[in-house]
Amino acid sequence: GWVTALTLDSSRNATFAGTVNAPLAIFEPLASVSADIEVLRIDGDSSGNMGIFNIYRNGANLCRIDTAYSDFNITPQTTECDIKLNWNNSSYKTAIRVDNSTGYVGIGNDDTFSGTTQPSYPFHVSVDATFAGDVTFSSATSAKPTVTMLNTNADAEPSYFYFQKTNNSFADDEHIGRIMLRGQTEPGGGNANAVHDYGRIDFQAANTGDGAEVGRMTFMNSSAGAIATALTLEGKNATFAGDATFAGNATFSAGNVILG
């Protein structure tokens, strides 16, 4: 008997009752449309049933694109299919690659994660990265998180950790970097569990004259509820703000020892 394959309504909407097979489908607005217009919609219902966009190759389902309520999902359907975000349309160089077998995310450029190269870590950045905002490492596991700077080069050079400040108006006593050691106050009292600075190291440019530059490092500890200077290193000189206790011998090879 007869069955409906295509329905056209008075609003020029077309409804296909079955599968549409075509080597190429083109959706474009009419020539009379002068603004952006929706050309394709895959809809779902309030129960979570949704339209699914599947990508096949030679009859095998490689990937699906769908929505789960408020989420937008791109999901490989075979272990051979990774998720890749490419740049440079002539050679398909990969900027972001998600390994389908591990879930690892690789970020790079210059073809780092193109081809068959996979990310080696859960978050693998293979190029220099600049973060314009704050970065927080957080864990509820004991002795975590840890930060490791690993250098596997066979030469004598180590890894480097830089604090750098540049403003084109650099002056004496400019602060370059600061390390803060923070904890909390005890649970009782009016400031219960408040964040408190227990230790601090300041790095300054004491003298910025060309050829006469002098650095200053100030070591501070919390004392009587407030942060206070314990030791200042400026150039080759060291100044203790409090008592200095030596458990062993103290040897001074040159210069004076001033007590007062």
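Numbers for residues simply follow the sequence, beginning at 1.
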How about N153: does its CG atom have over 12 heavy atoms from other parts shown lying under 6.0 Å from it? yes

So which residues get pulled into M220's cluster when ILVMFWY side chains under 4.5 Å apart are joined, directly or through others? I227

Got a sec, which residues hit ring-ring contact (aromatic ring centres under 6.0 Å, His included) with Y162, two or more places apart in sequence or on another chain? Y160

Would you name the heavy atoms of P145 and S138 that are closest together and state the gap between them? CG-N, 4.2 Å

Gap separating the CG atom of N191 from the CD atom of Q184, nearest 0.5 angstrom: 11.0 Å

Joint hydrophobic cluster, V98 plus F72, side-chain heavy atoms closer than 4.5 Å: yes

Testing the basics here: between R178 and F163, what is the closest heavy-atom pair and its distance to 0.1 Å? O-CE2, 4.2 Å

I'd like to know if the side chain of D172 and the backbone of T208 have a donor-acceptor N/O pair within less than 3.5 Å. yes

Check the hydrophobic clustering (I, L, V, M, F, W, Y; side-chain heavy atoms under 4.5 Å; chains of links allowed) and say if I55 and I83 are grouped together. yes

Co-members of the apolar cluster containing F246 [side chain, <4.5 Å]: none

My understanding is that only residues two or more places apart in sequence, or in another chain, count here; which of them pass side-chain hydrogen bond (donor to acceptor under 3.5 Å, both in side chains) with D197? R182

Hey, does the side chain of T148 reach the backbone of L150 with a donor-acceptor pair shorter than 3.5 angstrom? no

Distance (rounded to the nearest 0.5 Å) between Y198 OH and T185 OG1: 6.5 Å

What's the spacing between D82 CG and I96 CD1 if we round to 0.5 Å? 13.5 Å

Working to the nearest 0.5 angstrom, can you tell me the gap between M180 CE and D202 CG? 8.0 Å

Would E157 and N151 count as a side-chain contact (heavy atoms from CB on, under 4.5 Å) if you check the C-alpha gap in whole Å, the side-chain angles of each, and the deciding distance to 0.1 Å? CA-CA 9 Å; E157 288 298 308; N151 185 313; 5.5 Å; no

Any residue meeting ring-ring contact (aromatic ring centres under 6.0 Å, His included) with F137, in chain and number order, not counting sequence neighbours: none

Linking I/L/V/M/F/W/Y whenever any side-chain heavy atoms sit under 4.5 Å apart, do F203 and F161 land together? yes

Are M149 and I179 connected, step by step, through hydrophobic side chains (Ile, Leu, Val, Met, Phe, Trp, Tyr) whose heavy atoms are closer than 4.5 Å? yes

Please round to the nearest 0.5 Å and tell me the distance separating atom CG of L62 and atom OG1 of T78. 6.5 Å

Pairs of donor and acceptor atoms involving the side chains of residues 230-243, under 3.5 Å and at least two apart or interchain, shall be tabulated with distances.
{"from": "E234", "atom 1": "OE1", "to": "R216", "atom 2": "NE", "distance (Å)": "2.9"}
{"from": "E234", "atom 1": "OE1", "to": "R216", "atom 2": "NH2", "distance (Å)": "3.3"}

Residue pairs involving residues 138-156 (criterion salt bridge (Lys or Arg N to Asp or Glu O under 4.0 Å); sequence neighbours excluded): none

Test log, rule side-chain contact (heavy atoms from CB on, under 4.5 Å), inputs K165 and F170: CA-CA 9 Å; K165 182 177 181 181; F170 219 63; 4.3 Å; yes

The criterion is side-chain hydrogen bond (donor to acceptor under 3.5 Å, both in side chains); which residues satisfy it with D66, sequence neighbours excluded? R64, N73

Partner set under ring-ring contact (aromatic ring centres under 6.0 Å, His included) for Y56, not counting sequence neighbours: none

Taking every heavy atom of S126 against every heavy atom of T112, the minimum-distance pair comes out as OG-CG2, 2.8 Å

Working to the nearest 0.5 Å, report the span between NE2 of H124 and CD1 of I107. 10.5 Å

Contact between I74 and C63 at the side-chain level, heavy atoms closer than 4.5 Å - yes or no? yes

Heavy-atom pair of closest approach, residues L8 and A14: CD2-CB, 3.4 Å

Side-chain donor/acceptor of T94 to backbone N/O of N86, under 3.5 Å: no

Residues at least two apart in sequence or cross-chain that pass side chain to side chain contact (heavy atoms under 4.5 Å, CB included) with T7, listed by chain then number, are T4, T15

Sorted by chain and number, sequence neighbours left out, side-chain hydrogen bond (donor to acceptor under 3.5 Å, both in side chains) with T79 holds for none

Please tell me whether N167 and E174 have a donor and an acceptor in their side chains that are separated by less than 3.5 angstrom. yes

Those residues that, when tested against H175, pass ring-ring contact (aromatic ring centres under 6.0 Å, His included) (two or more places apart): none

